[in-house]
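Take a look at the structure set out below.
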Amino acid sequence: MTQITPYCPQQVEADAQAHWQTTRAFQATEDPEREKFYCLSMFPYPSGKLHMGHVRNYTIGDVVARYQRMLGKNVLQPMGWDAFGMPAENAALKQGQAPADWTRANIADMKRQLNRLGFAYDWEREIATCDTDYYRWEQWLFTRLVEKGLVYRKQATVNWDPVDQTVLANEQVIDGRGWRSGALVERRDIPQWFLRITDYAEELLQGLDQLTAWPEQVRTMQRHWIGRSSGVQIRFDIVGQADQVEIYTTRPDTVMGVTCLAIAAEHPLVTPLVQQHADLASFVRNCQQGGVAEAELETMEKCGYPLGLQAIHPISGDYVPIYVANFVLMSYGTGAVMAVPAHDQRDWEFARKYDLPMRQVIAPAEGTGADISQGACTDPGVLINSGSFDGLTSAAACDAIADWLIRHDKGSRQTRYRLRDWSVSRQRYWGCPIPMVHQADGTLQTADELPVVLPEDLVPDGTGSPLKKSPAFYNLGAGRRRETDTLDTFFASSWYYARYCCPDAGQAMLDERVHYWLPVDQYVGGVEHAILHLLYARFFNKLLRDEGLLHCDEPFTRLLTQGMVVAETYYRVQPDGSRDWYNPAEVRVEKDQQGRIQRAWLSADGQPVIPGGTEKMSKSKNNGIDPQRLIDQYGADTVRLYVMFSAPPEQSLTWSDTGVAGAHRFLKRLWTIAYQTGPVSGTTEPLTDTGPVRHVLHSQLQKALSDYERQHYNTVISACMSMLNALQPLVSEATARPVVQEGLSILLRLLAPITPHITHHLWSQLGYGPDILQADWPQVDQAALQQKQVQMAIQVNGKVRAQLTIAADTDESALRQAAQVHENVQRFIRDRTIRRIIVVPGRLVNIVMV
RNA sequence: GCCCGGGUGGCGGAAUCGGUAGACGCAGCGGACUUAAAAUCCGCCGGCCUUAAACGGUCGUGCCGGUUCGACUCCGGCCCCGGGCACCA
């Protein structure tokens with residue numbers, strides 16, 4: 001046997017990539033004659049190096065793009081950088097490097113790594129959101145939205161670090177304390193810029209029904225997030241005051257059970273009383289302790305303090321006490337809620353704690369009265385203790401009570417959304433400057449000239465935005481002052497998909513090329529973006545549409561939410577209480593028999609580290625795995641194959657590096673078998689052989705083709721492995737050569753989207769064709785699928801008792817006969833009466849006994 | 001706390017519409033080749049019972065219950081893990 005060139009991925013991959021470069025294989029051009037396919041993966045934040053989550057995301061996207069290309073579509077697959085954000089400022093704090101330099105160095109590194117993986121990107125469309133040519137159009141859009149009245153300014157509650165004198169992100173609040181200072185975080189209201197996304201709430205909700213190629217779970221999450229509800233806004237008068245308190249409820253049927261109102265510490269009713277009552281003042285101060293994250297507000301201990309005012313129940317006229325409560329925020333809703341302890345669990349607990357009366361006004365529709373001594377009864381039922389409303393069902397009472405309140409001018413019906421307007425201003429440096437100017441008279445105007453360029457030479461010091469300390473930036477003279485807040489980075493990532501269509505458009509935000517490419521046919525990204533990013537991008541698409549810049553209603557036709565790559569986290573607590581996170585690659589662990597971690601220590605110093613649980617790979621928890629080592633050792637194709645094989649794309653993947661060797665072994669076998677078979681020779685006529693190997697080949701091909709459509713790429717690979725397993729014994733048989741060649745030709749094309757380098761090499765080197773990118777997609781030979789014999793299971797009462805190999809065209813009565821005579825079956829049916837026999841053609845016969 | 005997912009051998013996973021649970025791979029074990037190792041190739045591989053072995057039996061898809069001739073799949077209740085909760089991206 002002749003010596004076979006060993007598989008050398010580094011060489012094969014460099015050659016293939018050079019070929020794609022010289023042929024400009026992935027540069028996309030608009031061509032109205034061809035069907036387009038726009039495949040987009042969520043662009044990365046340039047945090048440093050590529051981690052496994054990136055590799056997984058971009059490999060999935062690349063497989064989709066290359067698959068569509070092989071189907072003959074005109075494919076656009078761009079790539080860029082979500083380049084503004086907090087980590088650049090954090091790196092600057094640590095290393096004193098300007099965020100711009102850090103970011104651009106990371107972009108260069110990560111671009112090199114992406115290229116090494118062989119992704120089919122059109123790099124001529126590369127975008128970085130920190131480039132003036134990109135963000136100038138955000139500023140332009142912002143001014144347009146100001147003109148349209150879709151931007152406004154309002155107080156909003158933020159996390160305030162009283163020591164560092166800075167606003168903290170929710171992520172920077174750890175156990176109620178600032179991550180750097182360790183100081184107790186306070187809630188503080190400051191003026192912020194808002195976008196009226198709620199104007200689009202109904203359209204964003206309705207649009208979900210059209211997104212049939214989105215995962216149902218994402219649509220459900222967005223529906224709940226938008227959270228449309230029908231309810232009643234009710235006004236309560238206050239004893240001895242002209243002011244009123246307004247509340248909103250979706251359960252007006254329970255209104256007769258109100259025994260308390262709870263209002264926010266910042267509510268206008270509270271402020272005048274604070275000066276008079278020291279206890280109240282101290283309670284209000286306590287209320288302002290802690291962060292603003294909803295999870296924190298919902299899980300903290302609910303506290304209240306009686307304000308000393310009584311509200312007048314709008315129907316009964318009873319007096320109900322008003323409490324100040326730490327779980328009501330002034331900036332959401334009306335800043336007040338009604339409490340119905342008998343029928344709401346949170347209110348029930350609140351009433352227990354402060355010894356407030358409970359008044360049951362709903363009886364369960366069926367059975368005897370519910371016991372509210374153990375907890376609230378939240379189910380709908382029939383009204384009791386509700387005067388003239390007694391006996392109504394909850395549904396009827398909702399209507400009747402709403403009507404009563406409206407008739408007596410005490411309330412109104414309202415449709416509300418849980419969705420809140422989008423606060424887009426950030427008190428940070430490394431972002432797009434908001435193009436507004438504070439005039440000497442206190443009014444606000446849009447900037448005279450765009451772009452407002454962000455100075456790149458500033459270095460943050462952890463005590464607020466350096467822009468605020470940079471008169472060169474903000475001081476416009478004559479008392480005019482530039483806004484120093486920057487835009488939320490979600491602003492930049494909400495329209496990049498459109499800019500890729502025309503990244504060089506100099507005269508406008510978007511040009512006519514978007515009409516060819518949009519909407520995006522396939523969007524791929526982490527499931528963690530299921531709500532915020534995807535909702536904001538849908539919102540922006542509608543803003544851009546209403547601006548006349550694009551025509552589609554929704555930006556992303558099909559969505560694949562890739563599961564996360566998660567890994568264990570490890571940390572040590574520093575003397576100041578902060579946590580230092582260690583990468584799993586630097587940690588050694590000892591596990592017990594159940595696989596639980598017993599002991600973990602840093603390999604560098606042997607000292608223990610604390611396991612922090614498996615979490616999404618992230619910069620902040622330092623648990624990203626560097627894929628570079630694997631690429632160096634095995635090559636890009638092996639890494640691509642491995643990440644696609646080891647789990648279905650939508651499932652989360654707990655990182656472990658066993659199994660990579662198996663993926664590599666498969667590619668080596670493919671290489672060896674292809675070279676043993678040698679250059680393509682002989683007839684090119686379609687084969688007519690219907691032997692067992694071609695049956696395996698074409699039934700596996702059929703499975704692989706359908707799995708490509710279903711995006712079950714892990715089982716595409718399983719099918720390819722089965723095909724290679726079937727071919728392997730035939731390699732040394734000269735007569736089987738046509739079948740092996742056919743098999744390899746199918747296999748190479750099936751694998752081309754997943755492992756593009758090795759398939760490119762073998763295809764052209766062994767004479768299957770000039771360039772696998774131009775090859776036709778394989779097709780199933782139906783004749784090869786036919787089988788003369790099938791194997792069926794025989795069950796008795798649903799338990800498998802025997803196997804039957806029988807002619808595929810055996811009719812049903814013959815099958816019943818054959819099943820009953822089987823020896824082992826006889827043991828179970830002897831002496832007993834057969835009640836029925838169920839035949840599932842091609843699968844099983846089930847004999848049901850008495 | 002609320003919303004959305006997930007839980008199948010030692011491990012990753014398969015089972016597309018309620019129809020033979022464990023495809024494909026990893027790890028492991030046994031064998032071939034080799035002076036040896038690596039690589040490669042061949043075979044075995046959920047637990048328990050029975051058996052010389054095969055055949056066979058029985059349990060088994062997080063837990064408890066239900067529907068069905070038949071349940072990983074459907075229904076009810078629970079447990080655990082992951083994601084999101086509006087300033088991480």
Side-chain angles (χ1 to χ4, degrees), chain A residues 42 44-45 47 82 85-87 90 156 158-159 167-173 215-218 220-221 223-225 227 292-300 327 345-346 419-423 425-428 488-490 493 526-533 535-536 561 563-564 566 593 595 613-616 618-621 642 645-648 650-654 656 658-663 665-666 668-669 672 703 706-707 710 712 714-715 717-722 725 728 791-801 803 824 827 835-838 840 843-844 846-849:
Chain A
M42 291 179 186
Y45 179 80
S47 54
D82 187 14
M86 242 176 24
N90 296 342
V158 296
N159 305 305
V167 175
L168 296 177
N170 285 335
E171 190 192 45
Q172 297 171 318
V173 180
E216 192 54 51
Q217 51 152 322
V218 175
T220 306
M221 280 192 268
R223 264 186 211 107
H224 288 300
W225 186 263
V292 296
E294 190 183 281
E296 192 177 335
L297 293 172
E298 290 288 333
T299 53
M300 72 187 177
F327 55 88
Q345 190 58 29
R346 182 179 70 185
L419 178 69
R420 306 195 294 260
D421 275 337
W422 177 8
S423 162
S425 43
R426 299 291 180 267
Q427 294 67 52
R428 301 194 192 289
D488 180 4
T489 56
F490 275 128
S493 57
V527 66
E528 69 272 25
H529 295 292
I531 294 175
L532 289 179
H533 164 63
L535 191 65
Y536 291 145
T561 46
M564 272 156 303
V566 296
Q593 296 209 319
T614 53
E615 287 190 59
K616 171 178 87 168
S618 73
K619 190 80 179 161
S620 57
K621 296 286 167 73
Y642 171 70
F645 181 57
S646 56
E650 309 225 325
Q651 244 175 61
S652 73
L653 167 59
T654 308
S656 83
T658 57
V660 187
R665 193 146 48 215
F666 172 73
K668 274 198 293 189
R669 277 174 65 210
T672 308
K703 184 173 160 45
S706 102
D707 283 349
R710 294 195 303 152
H712 287 206
N714 55 327
T715 52
I717 296 165
S718 293
C720 289
M721 288 172 167
S722 297
N725 289 346
Q728 182 152 312
Q791 201 174 61
M792 292 176 69
I794 310 170
Q795 298 181 334
V796 179
N797 283 344
K799 287 187 190 295
V800 179
R801 297 301 179 190
Q803 293 290 330
N824 199 49
R827 288 174 47 201
R835 205 156 54 145
R836 48 198 280 225
I837 298 178
I838 292 158
V840 183
R843 289 193 175 272
L844 56 81
N846 187 11
I847 301 167
V848 185
M849 314 296 297

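Owing to the predicted nature of the structure, the values given are computational and were not obtained by experimental measurement. Every chain is numbered from 1, with letters handed out A, B, ... down the list of sequences.
Listed nucleotides: B/C24, B/C69, B/C88. Nearest to the side chain of A/Glu171: B/C88. With B/A89, B/C87, B/G19 as the choices, the nucleotide that has an atom nearest any side-chain atom of A/Arg843 turns out to be B/G19. The A/Asp488 side chain lies nearest to B/C87 when the options are B/A86, B/A14, B/C87. In the set B/U20, B/G83, B/A14, the nucleotide with an atom closest to the side chain of A/Ala793 is B/U20.
Taking atom P in both B/U8 and B/C3, one finds a spacing of 25 Å when rounded to whole Å. Only the C1' atoms considered, B/C41 is 13 Å distant from B/U34, to the nearest whole Å. Using atom P as the reference point in both B/C29 and B/A39, the two lie 13 Å apart (nearest Å). Atom name C1', nucleotides B/G9 and B/G47: the rounded distance is 9 Å, in whole Å. Rounded to the nearest Å, the gap between the P atom of B/C4 and that of B/C78 is 15 Å. Nucleotides B/C87 and B/C80 are separated by 31 Å at their C1' atoms, to the nearest Å. Separation of the P atoms belonging to B/A21 and B/G13 is 22 Å when rounded to the nearest angstrom. Taking atom P in both B/C45 and B/G22, the straight-line distance is 12 Å, to the nearest Å.
Using a 4.0 Å heavy-atom cutoff across all strands shown, A/Leu297 reaches no nucleic acid atom at all. Looking at heavy-atom distances under 4.0 Å, A/Gln795 makes contact with a base. Residue A/Pro44 is out of contact with every strand shown, counting any heavy-atom pair closer than 4.0 Å. Residue contacts shown for A/Phe645 include a base, since a base heavy atom lies under 4.0 Å away. Among the atoms of the strands shown, only primed sugar atoms or phosphate atoms (P, OP1, OP2) are found under 4.0 Å from some heavy atom of A/Thr489. A/Ser425 comes within 4.0 angstrom of a base, heavy atoms only. At a threshold of 4.0 angstrom between heavy atoms, the contacts of A/Ala295 include nucleobase atoms, whether or not backbone atoms are also involved. Using a 4.0 Å heavy-atom cutoff across all strands shown, A/Glu650 reaches no nucleic acid atom at all. As judged by a 4.0 angstrom heavy-atom cut-off over every strand, A/Phe490 is placed among the base-contacting residues. Contacts of A/Asn714 with the nucleic acid, taken as non-hydrogen atoms under 4.0 Å apart, involve only primed sugar atoms and P, OP1 or OP2. Counting any heavy atom pair closer than 4.0 Å across all strands shown, A/His533 reaches no nucleic acid atom.
Between the CD atom in A/Gln651 and the CE atom in A/Met564 there is a gap of 11.5 Å [rounded to 0.5 Å]. Considering CG of A/Leu653 and OG of A/Ser646, their distance stands at 4.5 Å, rounded to 0.5 Å.
For A/Gln728 and B/C41, the shortest distance from a side-chain N or O to OP1 or OP2 is below 4.0 Å. In this model, the phosphate group of B/C41 is approached by a side-chain N or O of A/Arg669 to a distance below 4.0 Å at OP1 or OP2. OP1 or OP2 of B/G13 sits under 4.0 Å from a side-chain N or O of A/Gln651. Remark: A/Asn725 is in phosphate contact with B/G25, judged by side-chain N or O atoms under 4.0 Å from OP1 or OP2. Look at A/Lys668 and you'll find a side-chain N or O under 4.0 angstrom from OP1 or OP2 of B/U40. For B/G70, the OP1/OP2 oxygens have no side-chain nitrogen or oxygen of A/Asn797 closer than 4.0 Å.
The side-chain contact (heavy atoms from CB on, under 4.5 Å) check on A/Lys668 picks up A/Tyr7, A/His664, with sequence neighbours excluded. For A/Asp421, the side-chain contact (heavy atoms from CB on, under 4.5 Å) partners at least two apart in sequence or on another chain are A/Tyr152, A/Phe194, A/Arg196, A/Ile197, A/Thr198. Not counting sequence neighbours, the partners of A/Trp422 by the ring pair (Phe, Tyr, Trp, His ring centres under 6.0 Å) test are A/Tyr536, A/Phe540. Residues forming a side-chain hydrogen bond (donor to acceptor under 3.5 Å, both in side chains) with A/Gln172 (at least two apart in sequence, or on another chain): none. Contacts of A/Asn170 classified as side-chain contact (heavy atoms from CB on, under 4.5 Å), with partners at least two apart in sequence or in another chain: A/Asn159, A/Val292, A/Ala293. Not counting sequence neighbours, the partners of A/Asn797 by the side-chain contact (heavy atoms from CB on, under 4.5 Å) test are A/Arg832, A/Val848, A/Met849. Applying the ring pair (Phe, Tyr, Trp, His ring centres under 6.0 Å) criterion to A/His529, with sequence neighbours excluded, gives A/His533.
A side chain to side chain contact (heavy atoms under 4.5 Å, CB included) with A/Val218 holds for exactly one of A/Thr561, A/Leu535, A/Ile531; it is A/Thr561.
The base of B/U20 has none of its N or O atoms less than 3.5 Å from a complementary donor or acceptor on the side chain of A/Gln791. Contact annotation: side chain of A/Gln172 to base of B/C88, donor-acceptor pair absent below 3.5 Å. Side chain A/Arg835 to base B/C69: no donor-acceptor pair is found below 3.5 Å.
Residues A/Arg669 and A/Thr672 fail the side-chain proximity criterion, which asks for heavy atoms closer than 4.5 Å. At a threshold of 4.5 Å between non-hydrogen side-chain atoms, the residues A/Phe327 and A/Glu298 do not count as touching. Here the side chains of A/Val527 and A/Glu650 are not in contact, with every heavy-atom distance at 4.5 Å or above.
With A/Asn846 contributing its side chain and A/Gly798 its backbone, the two residues share a donor-acceptor pair below 3.5 Å. Remark: side-chain polar atoms of A/Arg428 are not paired, donor with acceptor, to backbone N or O of A/Ser425 under 3.5 angstrom.
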Q | Per-nucleotide protein contact string for nucleotides 51-61 of chain B (B base, S sugar-phosphate only, - none; heavy atom under 4.0 Å) | A | -----SSSS--
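Between A/Gln795 and A/Arg801, the side chains place no donor N or O within less than 3.5 Å of an acceptor N or O (distance only, hydrogens not considered). In the model, A/Ser493 has no side-chain atom that pairs as donor or acceptor with a side-chain atom of A/Asp82 under 3.5 Å.
Using a 4.0 Å cut-off between a side-chain N of Lys or Arg and a carboxylate O of Asp or Glu, A/Glu216 and A/Arg223 qualify as a salt bridge.
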Between the protein and nucleotides 16-18 of chain B, which nitrogen or oxygen pairs come in under 3.5 angstrom?
| residue | atom | partner | partner atom | Å |
| --- | --- | --- | --- | --- |
| B/U16 | O4' | A/Arg710 | NH1 | 2.9 |

Mind listing the N/O atom pairs, protein and nucleotides 2-4 of chain B, below 3.5 Å?
| residue | atom | partner | partner atom | Å |
| --- | --- | --- | --- | --- |
| B/C3 | O3' | A/His224 | NE2 | 3.3 |
| B/C4 | OP1 | A/His224 | NE2 | 3.3 |
| B/C4 | O2' | A/Gln217 | OE1 | 3.2 |

Short heteroatom pairs, N/O only, protein and nucleotides 26-29 of chain B, under 3.5 Å:
| residue | atom | partner | partner atom | Å |
| --- | --- | --- | --- | --- |
| B/C26 | OP1 | A/Arg665 | NE | 3.1 |
| B/C26 | OP1 | A/Arg665 | NH2 | 2.7 |
| B/A27 | OP2 | A/Arg665 | NH2 | 3.1 |

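The minimum heavy-atom distance linking A/Gly85 with A/Tyr45 is given by the pair O-OH, 3.7 Å.
Where pairing requires Watson-Crick or G-U contacts shorter than 3.5 Å, the helical stems of RNA chain B with at least three consecutive pairs are B:1-7 with B:79-85, B:10-12 with B:24-26, B:28-32 with B:40-44, B:46-49 with B:56-59, B:62-66 with B:74-78.
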